Structures are given as structure tokens and as C-alpha cells.
Amino acid sequence: MSDLPAEIDPDVDLVRAMVRIRRIEETLADHYRDEQQMRTPTHFSIGQEATPVGMCAAAEPDDVVYAGHRSHAPYLAKGGDLPAMVAELHGKEAGCARGRGGSVHLIDPAANFAGSAAILGEMISVATGAALAFHVTGRTTVALTFFGDGATEEGVFAESLNLAALHRLPVVFVCENNGYSVASPLRQRQPGGTSITARAAAHGVHALEVDGNDVFAIRDVGRAAVARARAGGGPVFVESHTYRWREHVGPGWGYDHGQRTRAEVDSWIARCPIRRAVETLRGVEPRIDDWVRGWEAEYTAEIQQAIRRAKAAPWPGFSELTRGTYGAAPDPRTEEAHAHADVLAGDQ
Amino acid sequence: MSDLPAEIDPDVDLVRAMVRIRRIEETLADHYRDEQQMRTPTHFSIGQEATPVGMCAAAEPDDVVYAGHRSHAPYLAKGGDLPAMVAELHGKEAGCARGRGGSVHLIDPAANFAGSAAILGEMISVATGAALAFHVTGRTTVALTFFGDGATEEGVFAESLNLAALHRLPVVFVCENNGYSVASPLRQRQPGGTSITARAAAHGVHALEVDGNDVFAIRDVGRAAVARARAGGGPVFVESHTYRWREHVGPGWGYDHGQRTRAEVDSWIARCPIRRAVETLRGVEPRIDDWVRGWEAEYTAEIQQAIRRAKAAPWPGFSELTRGTYGAAPDPRTEEAHAHADVLAGDQ
Amino acid sequence: MRTLTYSQAISEATVQCMTDDPRIIVLGEGVDDHKGIFGTTTQAYASFGAQRVIDVPNSENACAGVAIGAATNGLRPMVVHTRADFLFLAMDAMVNLAAKWRYMYGDHGGVPVVTRGVVGRGWGQGATHSQSPHATFAHYPGMVVAAPASPADAKGLLVQALRSGDPTVLIENRGLYPREGEVGLEPLPVPFGVGRIVRPGNDITVVAVSLMVYEAESAARHLAEQGISVEVVDVRCLRPLDDAIICESVARTGRLVVADTSWARYGFAAEVAAVVAENLPGALREPVRRVTPPDCPAPVSWPLEEAWNPGADAIVRACLELLGLGRNGIGPPESAQPALGFDGPY
Amino acid sequence: MRTLTYSQAISEATVQCMTDDPRIIVLGEGVDDHKGIFGTTTQAYASFGAQRVIDVPNSENACAGVAIGAATNGLRPMVVHTRADFLFLAMDAMVNLAAKWRYMYGDHGGVPVVTRGVVGRGWGQGATHSQSPHATFAHYPGMVVAAPASPADAKGLLVQALRSGDPTVLIENRGLYPREGEVGLEPLPVPFGVGRIVRPGNDITVVAVSLMVYEAESAARHLAEQGISVEVVDVRCLRPLDDAIICESVARTGRLVVADTSWARYGFAAEVAAVVAENLPGALREPVRRVTPPDCPAPVSWPLEEAWNPGADAIVRACLELLGLGRNGIGPPESAQPALGFDGPY
Ligand SMILES: Cc1ncc(C[n+]2csc(CCOP(=O)(O)OP(=O)(O)O)c2C)c(N)n1
Ligand SMILES: Cc1ncc(C[n+]2csc(CCOP(=O)(O)OP(=O)(O)O)c2C)c(N)n1
Ligand SMILES: [Mg+2]
Ligand SMILES: [Mg+2]
């Protein structure tokens, strides 16, 4: 990588970011399978990296990002702290959620990765609420929220679109449509001849579709979407058509257990978003293949180190099992509280 | 009415049905206000009668109808028993729900009025489930469900549309859009430039709009909708634009308490669906005004009698307070049950 | 001290807290309308307008999530439901997200959302508009659940909720709104988890919450005429629950009646009985009595509804039974005809 | 008699009942996939196909309503959720409509919907995939709530549910699926509301349900080695609850431990304690002990999750304390490293 320019070209940087997430997730998947030290259900985005990378590149650092269960890639794309994520997967105190949340409950306030959640659709409404806060307080921040095609079947999706459009809230809804909900194909869950984009548009949300394996297209659509939302143009919905190579949860492949055909998975591997971006760039930047190789090595080392450190890190202490259930409140049974209560009781 | 033909013309009969519901509801509203013997929150459809009357005229007796809180008109339009409804409003044992349910929980299995419910949106999914039952068992019955514009904001509306369209279920969704949810106007709840019909269509449901104060148009749209659903053409959504003259709940007027302007209410009273239908028919059937006067007298007498009887009818007995919480089940603590339990316990 | 009604006390707390804290917004169906949620939001809307008192579409689930998103981005939303029964639609966001947020994301911050739910007793509300789901929410750690009885507590607990860092559910029985009581002018918080002795006594402890506190007081007054001394404990909060005040009282009286507007099974009355069984097994001289609705949904029919709602009469009967004094209640129920003069709200 | 696993027992009951009763359909996300809800629906899908074993969109609320509509029009739907935590999204339809339907519409008919919810203990499921909401549903009259522990009961209670006329929630702990037990071939119903004595004893009663029955048994075996005789009661059903079997046992032993996978407050353990306090105030020689998760959401981190889940060890400790025998448990927890060999399901 010695020949990588100091000021990295933004297009090249999208490739770098995808390679990094790919290497991190592939390495995590291998360790997950072989060592079983990450005792948390884990949903890999391998093959889907272009959407979070492109969209987060379009956002400003101050913009906040939410995600669903397929959380690692949005977290990393938004700049979430890697060692903290890996420690979280290992259930360690150094985890970004102190080992309490696991893979599906990543958060990094410093990076404005505002949280991922396991229950489908929740973060669609939560991001809408974040946008309401920006709107009410006059901040020019935008909220982005990632979710799958399956989550759009939850009623909260329609409810949130309506609310966001009604108040023209600065929120970008990003649907990573990978054609499946666990093993159920889209056609088994949504009527033929309809589209999620059309549904979003019918709710008054500016809605766009994009090739989910074309990181440059996504970044461009994302920029337009974020700019529109920031400028007070109201919410934007982006449907990014992509595909998940691995099984729904866990490190296996999408064709394991006969869930899907090998041919189908292979046809999408052939459309790998990283490979496509590299091919696009190769004409203008012939060193790109070398860089990718360099990044692969670099990020493999980075994730290996994070895993080593996470394994060595301490577990949370048993004495802290219940900590964080409630915020620090004055002990209600202190003298003061009692005195106060007595005063009130006396008043009546 | 002596000159009313034995075989009543179907168009004329729509007027008759609307007049009947109008007289019943107006009389109920007066008694409700003056006597306070109907101790149940009551949502009148006065001014909105055309939609239930037109749609139910389009349905077959076997077809099942569901409704929301604004329940009297759909119940009566489907042929629900009047004395049982009035007894229900009075909380009497002779009520259609034995006095347990009140105004919002009407039901008449004999008339295939399958139930109304107070929680917004519930019966949208329930009617979808009824249609699923017809679909699975190969019955050619259609389910119709009435709800307001406000109920379409509930997530269950979108979820149900999706499910119904996916399986092409024989259900007709009838939205009585009266422009308000309690006192909140539509523009305060749904984004400008959108329409409920367009949202339904985006979910893959065949969707139509109709003038909700034109009973003939509604009946015709209803016939097409029911026929399409019955023929396996999948669900149909009908948005009927109308207006409620009275307050949301209770017998007062829509302009009481300054909720809405008198001018707005009056402009819709001028578009009274009964008056409009009468005007349409007057050319072909000059005796219509006489008939209407006759019906008014007849149905006023009918409802007055029903109210008198309901007032005289007995309350439910205290000893039956909990009856119906569960179906009759063999007493679990009988010898037999115990013997059986012992056998099972011994097996392990 | 001044006297306010319960609804005035809520209204005043809302306006005062909104004045002090510009982060507070109010969300709810009809919060801006002529009824103003039984008058509790009217003044706030008049003072702060549609920017901060926001009418919302009929989307309880999304609104609960929206409140969480707003709360974790610097606002302090208060969500208001005209019927607590609608909370089931919001339950996923409230229980699976708001209540767990602080813990599940590693104690980085909490979700200061206040959710007010009105319990709809009165005028034949029926099975889906009469429920008091306080125990349902109080089962889940991370929530705070309070159900004030007095106007002063309605104010004080709302002030506390609007300043706290945890998601809080406030259950309000409509029957309380017109009740008057002395209420301090200042917005002073009532701490969560601290009950109050409403009326001291020696023979029996009646533990109650919300509307049942008044029923318990009226039962106590009636029994006092017969020389029976009833201690009435208003726990005010279901979570955290003031175990100590319950146990101290029962340790003295040896007899416990628990009165609640929701069902006995797995409810508030069960928890209070369990607290005593856990802490004072020897103290109980008589069986615990749960005075609650019968084990069926709420009927509409007027006399059945009257019978379904537990009242002072049932508390009196339970107390007399525990004292071995037979089943004499307060007297025959009123005439089986609803009174005239009702003018809504329904 | 034959031996089946708990999941095989559920599968067999489903197939047998579907064969006998063509009105039964199965609805659920992924009921038709390669995992077949932990193998419980695989055979039904193979036997009856997509016409009767129907994969549904991710729409828990509508699906609950759809099931009600189908049930009140002649079908007998069984709705399956891979996590019971998703039931909060379906709660309005289940509690406000299914549970109240028969009563609220005047006893014209009921809602025979069976809802199976899987409790997700294991492999760091975390705060929103580990909850056992049985008490939440059992609070509401009109519901039946069961949580079978043994394979025989898993079969028998499902058969009963699929023949009953009332909405029934079955809570299944994943930890039970691989457990084996004798199961009769015939689809014989186990009646609702009848508990069973799993193990007779004289010194202490442990009342448990679902997975905790096994923890209680293992605690009882351990204590038996120390000469302590523990009676283990599996109530099987939370609503209706077999008060009599609990009271008969506690009347004999005078000591009560309640073990549950959900929280103590307003939960199953509270109700059992209340039943005893209500019926046998004098019988308790010692305080009731509730062995439940601590009052916080479920953590993911492996050792914390182990500590969070109540087990035999905690039951042993509770029993020893009640007997004044100090705090000796079963022994130190296993090594703080997860075991290898795990291959899903997660
Ligand atoms: C409310 C709810 N229902 C069901 C689930 C179980 N579940 C977890 S992920 C998932 C698939 C979601 O598919 P999609 O939204 O398309 O995301 P993808 O996994 O394809 O990225 C399902 C059904 C859940 N977590 N929450
Ligand atoms: C889930 C739920 N939320 C709120 C309410 C309170 N509520 C009852 S009727 C109503 C208005 C509904 O408006 P719409 O659906 O347009 O029907 P309309 O009254 O206009 O006929 C509202 C908000 C309710 N019953 N259920
Ligand atoms: Mg997907
Ligand atoms: Mg309306």
C-alpha cells in the first residue's frame, strides 16, 4: 500500500471501506464457527456491503444511523469502533454495549451510530423520532435507518412513513432488499406486481431504487437523499436491491441446508459489489488491485488483533449484573425522600 | 305507503334503507341525550348512511360484514336485528351481545354481521382472516369490513392489505373517509398529496374511490368489488368520501364545542345522501317523497317501540357476571381429569 | 394550600415542566383538541402550540418508537393515550426497547419517555376501554410504573417522571380527574418507589393504588364507625414498589386486603401478597384478601359494570370477613338506574 | 412406552390433530422452512403442504387478527412465533380481541386460536429474545396460558389446545426441545388447569413451570442426597391455575419456593405466593422464596447470561436457606468458557 496516495480518492475509499467490512466479517465468521467464543446470534452482511458503505459515505459525521439485526456493516460503515464491536461479540466488558447487547445491539455514540435492534422495524420508528427531535430543535442533522425487505411488512414501517412524510422529517429510510426474510423469498411474503418503493412513495415519501451492488450509484443516490432531507425536503426512501451470501444467522453459506440453490448464490457472488467497484475503477486507477490486496492484509491483521484482544479481555463482573437497568436515581428510601413524602402526605 | 309496489325497486330500496337507519339513529340520539338510559359510548353514522347501505346491498346475505366503532349503520344495513341492537345499547340481557358489549360490540350471526370492535383497525385484520377461512375451505363467501380514514393510519391496515393481496383473499375493505378522526382533520394526520386509495393500490389491492354520499354509485362500485373478490380476483379497497354530521361520540352536533364550523357541517348537510338519492329518483318515481314520509313514520314507530321494549327488558343477572369468559370445559378438577393427569404423571 | 382537581394538577405539572424544560414535547391523538385529554393538555397546547403539543396519527406503535428516538436525541417526550388499553399496540416499543435500552446498550443513557394512559372506567366503556394494565408493564425491569391517586401525587409523580432518566408509565383513572385536593404551587417531584400512609390504623392494612385508594378510604371511614381501625396504604408506584411501607404496616396489623382496579391473577394484588409472603410469613393472622374485578372482561351493562368494578363495599366486606364479623357491607347498592345529567366525556 | 423429544412430541401432536381435524391450519414466519420452528412444524408441512402450513409475512399484529377471523369462521388456526418476545406486537389482537371475544359478544362463540411462543434461552439471545411473557398473558381473563415441561405434556396440552374453544397461549422454552420423555402414541388431551406432582416430598414445596421443572427436579435430587425431601409441583398451566395442588402441597410442607424463567415482580412467582397467602396464611413456616431472573433485562455476555438464568443451584440455595442450613449450593459454576460443538439454531 506504499503507493496509496495520501489523499485517498473518494471512489477508491468506498472500495477500501467495503474491503475492510468484508475482511472483518469473513474473519469473524471463521472464528465464530471454529472457536464458538462469540456467543451471540450474528447476521453477516457479506455480499451486501455496498449499501451501508455507500449510504454512510453520503452522510455527514453528525448524522445519526440506526440499523436492524444485520448490524455490523452499518456500524462499521458509520465509523463504529472495531475493537468495541468485537469485544461486544465476545460478551466482554470492553464491548460497545459492555457485553450486555451482543451482535444485534451495537451502539457507538461517538460515531453517531445510534443503535441497532433485533426486533424487526423498531429502528424505523426510532429513526423517525430522532428526525423529529432534529426538526423540533432546528438541527440540520439527518437520521438514516437500515432495514431489510422483511421489516417493511411490519405495520410500523407504514406508520413511520406516514409520520415522517406528514412532518417532512429529515430521515432517510434505507431498505436493503436482499430478497429474503430468513429463508422466505419475497414472492412468498409480498404480492407480485408491487414494490416496496412504490409503497413508500404512496405514503408521500420521496422514493428511489438503486442497484444495491453498485456502491457508486448508492453513494450518489445517498447524497441526493441526505441533501434533500437536510434541506427540509422531507423523508426519502431508498430501496437497494442486493443479496446475502451467507445464511440468515450464523457463519454458514446461503445454500447450506438447501435453503437456497448454490446456483442462485453463485450468480450473486459473481455480482460481488467489491469486484464490480474494482472493475469500474481499474480503468482510471490501475493500482487498485494492489491496494485491495494491501487492504485485505491490513484489515485481516486489524480484525485478528481485535479478536485476540477481545478474547483476552475481562468478562463483565457478576456484581454488575443489574447495573444499568435504571439510571442513577436518588435512593427513594433516603431520609430526604421520606421527609418529602411525609410533607406531601400531610398536605392532603 | 299504500301505493308502494309489492316488489320494491332496488334503487328505491336503497333510499328506504337509508331512511330507516337515519330515523333509528336520530331517534336513538334524542333518547340517548334526554334519557341517559343507554350507558354506552355511541358513534352515530348520521350523514354517512350511503356507504353501509350501498355496500351491504351489493353483498349477498351469506357474505360477512365487520365494522369498527361506528357500528350501528353497518349492522342495520346488513340486516342486523333492531330490537337486539337497541336492547344492547340499553345493556339488557336481550341485547345482541347480552348487554356485555355495548354499542361498539354489535354482532348478529344470523344476519352475518360478524362483529364490530372498538379498537381501531382490529376488524381489518379479522375480516382478512375470515377471507382466509373462505379461501382455504373453498367457500365463495366474501368478507367486507368497514372502517374510517383514521383507522388506515394503524399499521395493521398495511399489514392486512399485504396479506390479503398476497393470497388474493376475498375481502372488500371499505374505508368511510369522513375527513376526521375524532376532532383531528385528515391533513393533520396524513401527508398532503397522498391518498388512502393510492396506498391501498400500492399494496397490490385493487382500489377504487367513490362519492360517499351517492348511494347508487356506492352500490355499483360495491357490486363490482364483491363480484371481483368472489370470483377470485383478490381483495378490493373502496374509499368512500363522506362526512359525519354529529360529534365523534355521543348525540351532539359536529359543530358543538367549536370542533368544526357550522358552515362546514351545513355544507355537508346540504349534500345529504338521502336527499340526493330522492332527488335522483324523483324524475322516474314521483311518489318517492310520499314513500319517504311514510317510511319516516313507520321506522320512527319501529325504533320507538324497540326503545320502549328495551327499557322494559330485564338486566342481565348478577349471577351471570362471569359467564362467557370461557367456553364450557369439563371441570378440570373432576375425578376423570385427575385420573388422567395421574396416568400421565406416572408415565414419566 | 390551594385546591386543584386531579386533571388540573396534571395540567399544571405539564405546563410548569414544559416552561422549565424546553426539551419536553407532548405527543398524542387529540392532545390539541377541544377535549384536551380530559382537560389535561388543553393549557399546554394553549401555551406552547402545535410545535410542542403535537397531535399524532392513529399509530400507537410508531409513536412509541418515535418517542424513543426523540428521547435518545435530546428531547423529553410525553406520550398521552386517551385509553390505556391502546398501550398494547405500543407495547413492543415500550417493553422491548424503551425499558431495556439503558441496560442493553451498555448504560450509555436512558430513554426519558413518559407515557400517560387513561383508564376508562365509566359510562359503559366495555371490555377494551376499561383495563388498567399497570401490572403488565410493571413486570418488566427498566420501566417505572406509577398510578397516583391524589391530585398532589398526580402532579408530583408527573414532575418526577418528566425529570427522570427512565421510561415511565403513568396510569390515570378517569374517575380521579374531578377529585380535588391540596396541591402545592411549586413543581416538586414525588420520588418513585415511596408509598404513603393515607390513613393510619391498627386492625387491618388495606394496600391500594390509584382510584382504589379512595375506595379504601371510604371503606375505612365506614369501618371506623364500627370501631374498626383500618390503615390505608397508597403505594403510588408499582415499580419500584415500596415493599417496606407495606411490610411495616402488615407487621403491625397482621391482616392484609389489597385493592386494585385490575384482575387478581398475576396482578398488583398478587405482587403485594407475595411481598408479604416473602418478608413476613409469620405476621399474617388471616388470609390475604384480593379485592379486584371478577375474573372476566369488563361488561357494559350498567348493573354488571357496577358489580364488576371493585369498590368500598367489597373492601368493607373483605375486612369484616378477616375479622370474623360476617358479611355486612356498606349497604344496598344504589337504585339500578343510571343517574341523569351525564354530559360526557364518554 | 415410546420415548420422544419435546419437539417431536409437539410435531406429532400437530400432525395427528391436523389429520383428525381438517380445520386446523398453521400460520407463522418460516413454518415451512428448513428449520421448521425447531423441527416442530417440519412434519406438518411435509404432510399438509403450503395450503395448511402457511408461511406468513413479518406482520405479527395482522396475523393475530387473521387467526381470529379464521377461527370465528370455522378454522382452528395455530400461530407459531420463533420468539415469544414477538408476541408483544400481537398483544392487542390477542388480549383486546381474542381473550374477550366470547364474553364481549355475548357468549355466541369463542376464538379457538392456539398461539405458540418460543422462549429463546441459549446462545446469548439477549434482552429481546429471552423473555417468557406467560404471566403477562395470564393476567387477562379469557386467555388460557400453558407452559408444558415434559414431552408428554407438550403433546397433551397442545392436543387440548387444538380442541378447546378458547384462545390459548403455549409458551415453550427452547431448552426443552431436545429433552426426551415417554409420550403416548394417541393424541390424548391433558386438561387445562391441572398440575402434577413431579416428585413427592415432605420438607419443602417447589412450584415450577416449563424449564424450571427440570431445574427443580435436579435441585430436589441434590437435596435428597442431604436427606432433604423436596416436593416438586409442575403447574403446567398458568391460567387456569391449579390452586388446589399448590395448597395441598404447601399445607403439608409449610415451605414454598417458586421457580420461574420470568421476573419475580407481578409474575408467576408472585401469583403462586399470593394463592398461598390467600388460602393458607398459617401454613407457611418460613418466607416464600422466588427463584427468578434478577430484576434486569437479559444480558448477552455468557457468564452474565448464566448468572441471569435461574437454575437448580439457586433453587438449592433457596431451599437450604428456608431450612436454616446456610447457603451451600450445588457447587461452583462450570468453567467460564462456552463449550464447543454448537451448531445452531441460534
Ligand atoms: C418482530 C419480529 N418478527 C420476527 C423476527 C425474526 N426475524 C429476525 S430477522 C428476520 C428476517 C428479516 O428479513 P429482512 O428484514 O429482509 O432482513 P434480512 O435478514 O434479510 O437482512 C426475521 C423474520 C424479529 N426479529 N422480529
Ligand atoms: C387503537 C386505537 N387508537 C385510538 C382509538 C380512539 N379512537 C376511537 S375512534 C377514533 C377515531 C377514528 O377515526 P376514523 O377511523 O376516521 O373513524 P370515524 O370515527 O371518523 O368514523 C379514535 C382515535 C381507538 N379506539 N383505538
Ligand atoms: Mg431480507
Ligand atoms: Mg374518520
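Per chain, numbering begins at 1; letters A, B, ... match sequence-line order. Remember, predicted model here, so these are calculated numbers, not experimental data.
Within 6.0 Å of the CZ atom in D/R52, the count of heavy atoms belonging to other residues, nucleotides or ligands exceeds 12.
At least one side-chain heavy atom of D/W123 sits under 4.5 Å from a side-chain heavy atom of A/Q36.
Residue A/R323 holds its CZ atom at 12.0 Å from CG of D/L304, rounded to the nearest 0.5 Å. Here the CG-CD distance, from A/L120 to D/E29, works out to 7.0 Å after rounding to the nearest 0.5 Å. Rounded to the nearest 0.5 Å, atoms NE2 (A/H69) and NE2 (D/H129) are 9.0 Å apart. Expressed to the nearest 0.5 Å, how far CH2 of D/W302 lies from CD of A/Q37 amounts to 9.5 Å. Interatomic distance, CD of D/E60 versus CD of A/E153, reported as 9.5 Å (0.5 Å rounding). Considering CG of A/L89 and OG of D/S301, their distance stands at 12.0 Å, rounded to 0.5 Å.
Only the side chain of A/V182 comes within less than 4.5 Å of a heavy atom in chain D; its backbone stays farther off. Of the two parts of D/F88, neither the backbone nor the side chain holds a non-hydrogen atom closer than 4.5 Å to a non-hydrogen atom of chain A. Contacts between A/H90 and chain D at a heavy-atom distance below 4.5 Å are absent for every atom of the residue. If you measure heavy-atom distances from D/A62 to chain A, you find no contacts under 4.5 Å at all. Proximity to chain A is limited to the side chain of D/L89, based on heavy atoms less than 4.5 angstrom apart. Neither the backbone nor the side chain of A/E122 comes within less than 4.5 Å of any heavy atom in chain D.
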Report all side-chain donor-acceptor pairs from residues 194-203 of chain A shorter than 3.5 Å, counting only partners two or more places apart or in another chain.
{"residue": "A/T194", "atom": "OG1", "partner": "A/P191", "partner atom": "O", "Å": "2.7"}
{"residue": "A/T194", "atom": "OG1", "partner": "A/R199", "partner atom": "NH1", "Å": "3.3"}
{"residue": "A/S195", "atom": "OG", "partner": "A/T197", "partner atom": "N", "Å": "3.4"}
{"residue": "A/S195", "atom": "OG", "partner": "A/A198", "partner atom": "N", "Å": "2.9"}
{"residue": "A/T197", "atom": "OG1", "partner": "A/E239", "partner atom": "OE1", "Å": "2.4"}
{"residue": "A/R199", "atom": "NH2", "partner": "A/Q190", "partner atom": "OE1", "Å": "2.6"}
{"residue": "A/H203", "atom": "ND1", "partner": "A/R199", "partner atom": "O", "Å": "3.0"}

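When atom types are taken as modelled, the side chain of A/T325 and the backbone of D/C296 share no donor-acceptor pair closer than 3.5 angstrom. Side chain of D/N58 to backbone of A/G150: a donor-acceptor contact under 3.5 angstrom is found. No donor-acceptor distance shorter than 3.5 angstrom exists from the side chain of D/T128 to the backbone of A/I119, with no hydrogens or angles considered.
With hydrogens and angles left out, the side-chain atoms of D/D32 and A/Q188 include a donor and acceptor closer than 3.5 Å.
The aromatic rings of D/H34 and A/H257 lie parallel to each other, their planes meeting at an angle below 30°, with 60° marking the opposite boundary.
Heavy-atom pairs under 4.5 Å with chain A peak, among D/D55, D/D33, D/V300, at D/V300.
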